[in-house]
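What follows is one structure encoded as structure tokens, with my remarks underneath.
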There are 2 protein chains.
Amino acid sequence: MARQGFSDQNRSLERGIAILRAFRPGVSELGNAEIAERTGLAKATVSRLTQTLLGVGMLERHPSRRSYRLAPAVLSFAHAMRLGSPILPAIAPLMRQEATRRRVNVGLAAADGDMMVYLESFRYSPRSSFRTVVSGQRVPIELTSLGRAYLWALPEREQRRELGVIAERRSRAWPQLEADIQASFAELEADGFCIVRWQPGVAAVAAPVLLPGLAPHALNMSVASSEPLPRLQRTLGPWLLDLNRRCVAELEASLLPEN
Amino acid sequence: MARQGFSDQNRSLERGIAILRAFRPGVSELGNAEIAERTGLAKATVSRLTQTLLGVGMLERHPSRRSYRLAPAVLSFAHAMRLGSPILPAIAPLMRQEATRRRVNVGLAAADGDMMVYLESFRYSPRSSFRTVVSGQRVPIELTSLGRAYLWALPEREQRRELGVIAERRSRAWPQLEADIQASFAELEADGFCIVRWQPGVAAVAAPVLLPGLAPHALNMSVASSEPLPRLQRTLGPWLLDLNRRCVAELEASLLPEN
DNA sequence: TATTCAATTCCACTGAATGGAATTGGTGGA
DNA sequence: TCCACCAATTCCATTCAGTGGAATTGAATA
């Protein structure tokens, strides 16, 4: 048995991945000491695991020899994941087209723990196609339309569990937050999408994308605008629903050939 | 001591990563049995490791329960890696701009074992900005201008080693291949870039990008064209060198602030 | 040259990981 | 409905791989 809590996990592998996860935007360079501190692992353990990760090409060391960073190999995982997604490749062209046509950002995301991760996001920008690639970017699940659409689409049982986790983590702000989430759920129930402004000057609508037995995804549209939400809701909502409908059609078409 | 060959690696972690690496473009869905076959691991071992990878969010299972795929979490590694790169964020705007201005593809890559991995590639396409994101895509090191520019920039010692590996792996075609590589090296020596046509109808020029103690990267420009190489060389070469020069300047500027 | 801090290596201990074999479970066919 | 088949999982005895505290090495800084 591994340590407290979780079942039957390979400890070394778990720890190795934890080390990789310690690298995040803004934390791109870490020495063994800092990794040990952040992960709570023993120094000796970290030293050995980072050597292994170096050996298998997941980390590279800065010449100073005092620090590691993620190596290019991790990009290949991402590439394989995106190409292999049963959803993204099928609907990416529609998303792109829609971003251009409607002059909005269009994104697709899925969950990783308590965060939503963008599989793709086509950003619209007035000047040319300035495209900050944000595949892999993470946004909090409980504060975003993306995350709430995902939560809403979850089977009862898992939804409860997720909400429980969030409630615990944000115990302070939970009462208000729960109300907000429930309001979004009500929107989703009524309209098929929800709208949230989680950063000033940005509003986003999102709707779930479901495939037979696949983890729920969420599709969103966002704009930089301070217009009142109800107004935005009336324009963005129908656009999103329309796009979503066409995506679902595309997915059904792309699914038949296989199996 | 771990098994034959390599030093002092954590076996479980090594194996776990090997499992992740089994997923590649075109191999997006794997069951335990197939993973066991591809990696040479025992069935029981694979079963346990995939469970762990599932637990830490690196894999997800298809509802059929018969197969795994890479989970969205791997995208976050890629995102963190790209943002944390000491090179990419600094020169990406220049690369983009140049792709548009010159109407060519502009890419940046680094090595992973015997492959080059694109950190970014701005694709130029006549119709709008049709952008197949190829960050993470892999191309063979020995056949591409990208790879040869990288090899050329390598310290003597490591260059030898790499060439040795390639020679062994491609023993059949080695004599011709070595000649080609040496020709590219000569071009790099003389002009600062090399030009290769490794797929019919596509030609690419590449040059190394070096930073003080960082692993060499390579910058390339490519076009879909069947014009004779010498002609292309005379147009693409100067463009690339110019871009490269501006990138180096940008990098020096972006490096001073730190440290 | 001396000092300091991080990384690595050493070492004895042990329980975590292993793989062959048995079991479970789900799927398709009769 | 039941059976046969194949993959996945679990069991279990074995042992060696992984662990962490302590000592050592090594590299920067003053």
Side-chain angles (χ1 to χ4, degrees), chain A residues 1-20 22-23 27-56 58-69 71 212-214 258-259, chain B residues 1-20 22-23 27-56 58-69 71 212-214 258-259:
Chain A
M1 212 168 314
R3 59 163 193 296
Q4 35 92 338
F6 257 64
S7 55
D8 176 33
Q9 306 283 29
N10 182 304
R11 189 164 57 150
S12 304
L13 179 51
E14 231 177 5
R15 291 172 164 188
I17 300 295
I19 288 176
L20 293 180
F23 294 86
V27 188
S28 56
E29 202 166 341
L30 291 170
N32 282 340
E34 202 169 355
I35 294 174
E37 188 182 359
R38 284 170 185 262
T39 57
L41 300 173
K43 277 195 314 172
T45 304
V46 170
S47 180
R48 269 171 277 132
L49 292 179
T50 50
Q51 281 182 54
T52 298
L53 289 169
L54 185 69
V56 298
M58 303 305 294
L59 292 179
E60 60 185 22
R61 27 165 29 123
H62 193 76
S64 73
R65 292 201 136 203
R66 275 299 168 78
S67 63
Y68 295 93
R69 35 184 10 132
L214 204 63
E258 324 159 11
N259 200 351
Chain B
M1 210 169 313
R3 59 159 193 298
Q4 36 92 337
F6 258 63
S7 54
D8 178 31
Q9 306 282 28
N10 182 302
R11 191 163 54 148
S12 304
L13 179 51
E14 232 177 5
R15 290 174 165 188
I17 300 295
I19 288 176
L20 293 180
F23 294 86
V27 189
S28 56
E29 202 167 340
L30 290 170
N32 282 341
E34 201 169 355
I35 294 174
E37 188 181 359
R38 284 171 185 262
T39 57
L41 300 173
K43 277 195 315 172
T45 304
V46 170
S47 179
R48 270 172 275 132
L49 292 178
T50 50
Q51 281 182 56
T52 298
L53 289 170
L54 185 69
V56 298
M58 304 305 293
L59 292 180
E60 61 185 21
R61 27 164 32 122
H62 193 76
S64 72
R65 291 199 138 203
R66 275 296 167 78
S67 63
Y68 295 93
R69 36 186 8 135
L214 203 63
E258 322 159 13
N259 199 351

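Throughout, protein chains are lettered first and strands after them, A, B, ... in sequence-line order, and every chain is numbered starting at 1.
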**Asked** Counting only side-chain N and O atoms of B/Ser47, is one of them less than 4.0 Å from OP1 or OP2 of C/dG19?
**Response** no

**Item:** Whole angstrom value for the distance that separates C1' of C/dT9 from CG of A/Leu49
**Value:** 15 Å

**Request:** Find which nucleotide of DNA chain D each of A/Arg66 and B/Tyr68 is nearest to by heavy atoms, and output the residue with the more 5' nucleotide.
**Result:** B/Tyr68

**Atom of B/Arg69, atom of B/Phe23 and distance for their closest heavy-atom approach** = CA-CE2, 3.8 Å

**Request:** Let me know the distance between CD of B/Glu37 and P of D/dA7, rounded to the nearest Å.
**Result:** 10 Å

**B/Thr45 side chain near C/dG19 phosphate (N/O to OP1/OP2, under 4.0 Å)** = yes

**Request:** Let me know the distance between NZ of A/Lys43 and C1' of D/dA23, rounded to the nearest Å.
**Result:** 11 Å

**Asked** So, A/Thr52 side chain and B/Asn10 main chain: donor-acceptor pair closer than 3.5 Å or not?
**Response** yes

**Asked** Can you check the B/Gln9 CD to D/dT19 C1' distance for me, whole Å?
**Response** 17 Å

**Request:** Send over the distance from A/Arg48 CZ to C/dC10 P, rounded to a whole Å.
**Result:** 12 Å

**Message:** Distance check needed: C/dG19 P versus B/Asn32 CG, whole Å only.
**Reply:** 14 Å

**Message:** Could you measure the distance from the CE atom of A/Met58 to the CG atom of B/Leu13? Nearest 0.5 Å is fine.
**Reply:** 9.0 Å

**Prompt:** To the nearest Å, how far apart are B/Leu54 CG and D/dT9 P?
**Reply:** 9 Å

**Complete:** Applying side-chain hydrogen bond (donor to acceptor under 3.5 Å, both in side chains) to B/Glu37 and not counting sequence neighbours gives none

**Request:** Calculate, to the nearest 0.5 Å, the distance between atoms CG and CG belonging to B/Leu59 and B/Leu30 respectively.
**Result:** 9.5 Å

**Prompt:** Any side-chain N or O of B/Asn10 less than 4.0 Å from the OP1 or OP2 oxygen of C/dA17?
**Reply:** no

**Prompt:** How long is the line joining NE2 of A/His62 and C1' of D/dA27, in whole Å?
**Reply:** 15 Å

**OP1 or OP2 of C/dT9 under 4.0 Å from side-chain N/O of A/Gln51** = yes

**Request:** For D/dT15, take OP1 and OP2 only and decide whether either is under 4.0 Å from a side-chain N or O of B/Arg11.
**Result:** no

**Item:** Under 4.0 angstrom between B/Arg15 side-chain N/O and D/dA17 OP1 or OP2
**Value:** no

**Asked** Among B/Leu41, B/Thr45, B/Asn32, whose side chain to side chain contact (heavy atoms under 4.5 Å, CB included) with B/Ile19 holds?
**Response** B/Leu41

**Message:** Using a heavy-atom cut-off of 4.0 Å across all strands, would you classify A/Ala44 as base, sugar-phosphate, or nothing?
**Reply:** base

**Complete:** Note: for A/Leu13 and A/Arg61 on DNA chain C, the residue whose nearest nucleotide lies more 5' is A/Arg61

**Message:** Please give me the minimum heavy-atom distance between B/Ser67 and B/Glu29, naming the atom from each residue.
**Reply:** OG-OE2, 2.7 Å

**Message:** At 10 degrees resolution, what angle do the end axes of the helix from C/dT1-D/dA30 to C/dA30-D/dT1 form when each is taken over five base pairs?
**Reply:** 50°

